[in-house]
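Remarks on the structure that follows.
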Amino acid sequence: MGLYYNRIVVKVGTSTLTNEIGQNNLKAFDCIARVLSDIQNMGYEVILVSSGAIAVGIKTYFLHLRDLVLLLFLLLLLCLHLFLLFHPGSFLPPVHPDGLLPGSSPAQMFPTKK
């Protein structure tokens, strides 16, 4: 393997890719992309090595994880809804024909005006 004088390797770390509070530093991304593009346009081969990929990607991962948890919760609610739709008396006590719950007396009813 011979020496390559036209190849430039740039290593970018977590502190360059993220700001003080751990969010993606988009200005740094823009600046790095512009500088590397200029170097490549001068005829050099540019290789970008990022040791900060985990720090940058973890925020995206947690966003996807949050969406997945929300989706699972909505699916659970849908299953519960369908179960109650097709098994109406499963969780509620049966209602007497005159509108009283079993074991209740008419004194617990509240009459309203029609």
Side-chain angles (χ1 to χ4, degrees):
M1 187 163 147
L3 295 175
Y4 295 97
Y5 294 107
N6 65 338
R7 181 178 294 164
I8 297 176
V9 179
V10 179
K11 179 182 176 279
V12 181
T14 302
S15 62
T16 305
L17 298 176
T18 58
N19 59 19
E20 300 82 29
I21 57 175
Q23 295 177 336
N24 294 345
N25 187 351
L26 299 180
K27 289 181 181 180
F29 279 84
D30 183 55
C31 183
I32 292 168
R34 288 175 190 266
V35 169
L36 295 181
S37 175
D38 290 343
I39 293 171
Q40 189 174 18
N41 289 338
M42 291 188 314
Y44 292 96
E45 180 183 357
V46 178
I47 299 173
L48 176 65
V49 178
S50 172
S51 64
I54 297 296
V56 170
I58 198 76
K59 193 165 193 83
T60 304
Y61 170 75
F62 281 118
L63 287 177
H64 291 303
L65 184 63
R66 184 195 66 192
D67 293 341
L68 180 63
V69 169
L70 179 62
L71 179 64
L72 290 174
F73 179 71
L74 291 174
L75 285 173
L76 176 68
L77 286 178
L78 176 65
C79 290
L80 180 62
H81 176 74
L82 291 174
F83 181 80
L84 290 175
L85 185 65
F86 292 107
H87 301 91
S90 298
F91 291 103
L92 300 174
V95 178
H96 195 268
D98 61 0
L100 299 175
L101 293 175
S104 64
S105 66
Q108 292 174 329
M109 293 178 49
F110 299 102
T112 58
K113 293 181 180 179
K114 288 188 177 183

Report the residues that fulfil side-chain contact (heavy atoms from CB on, under 4.5 Å) with [X], sequence neighbours left out, ordered by chain and then residue number.
{"X": "Val10", "value": "Ile8, Val12, Leu36, Leu48"}
{"X": "Leu76", "value": "none"}
{"X": "Ser37", "value": "Asn41"}

Flag yes if Val35 and Met42 sit in one hydrophobic cluster, no otherwise; membership is Ile, Leu, Val, Met, Phe, Trp, Tyr, and two members link when side-chain heavy atoms are under 4.5 Å apart.
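The answer is yes; both residues are in one hydrophobic cluster.
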
Between CG of Leu78 and CZ of Phe83, what distance do you get to the nearest 0.5 Å?
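Between Leu78 CG and Phe83 CZ, I get 14.0 Å after rounding to 0.5 Å.
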
To the nearest 0.5 Å, what is the distance between CG (Asn24) and CG (Asn19)?
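Nearest 0.5 Å value for the CG-CG distance: 8.0 Å.
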
Below 4.5 Å, heavy atoms only, C-beta onward: do Thr18 and Asn25 meet side chain to side chain?
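The answer is no; the side chains never approach within 4.5 Å.
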
Pairs in or reaching into residues 16-32: which pass salt bridge (Lys or Arg N to Asp or Glu O under 4.0 Å), with residues at least two apart or in two chains?
Asp30-Arg34

Which ILVMFWY residues are connected to Val49, directly or by a chain of links, through side-chain heavy atoms under 4.5 Å apart?
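ILVMFWY cluster around Val49 also holds Val9, Ile47.
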
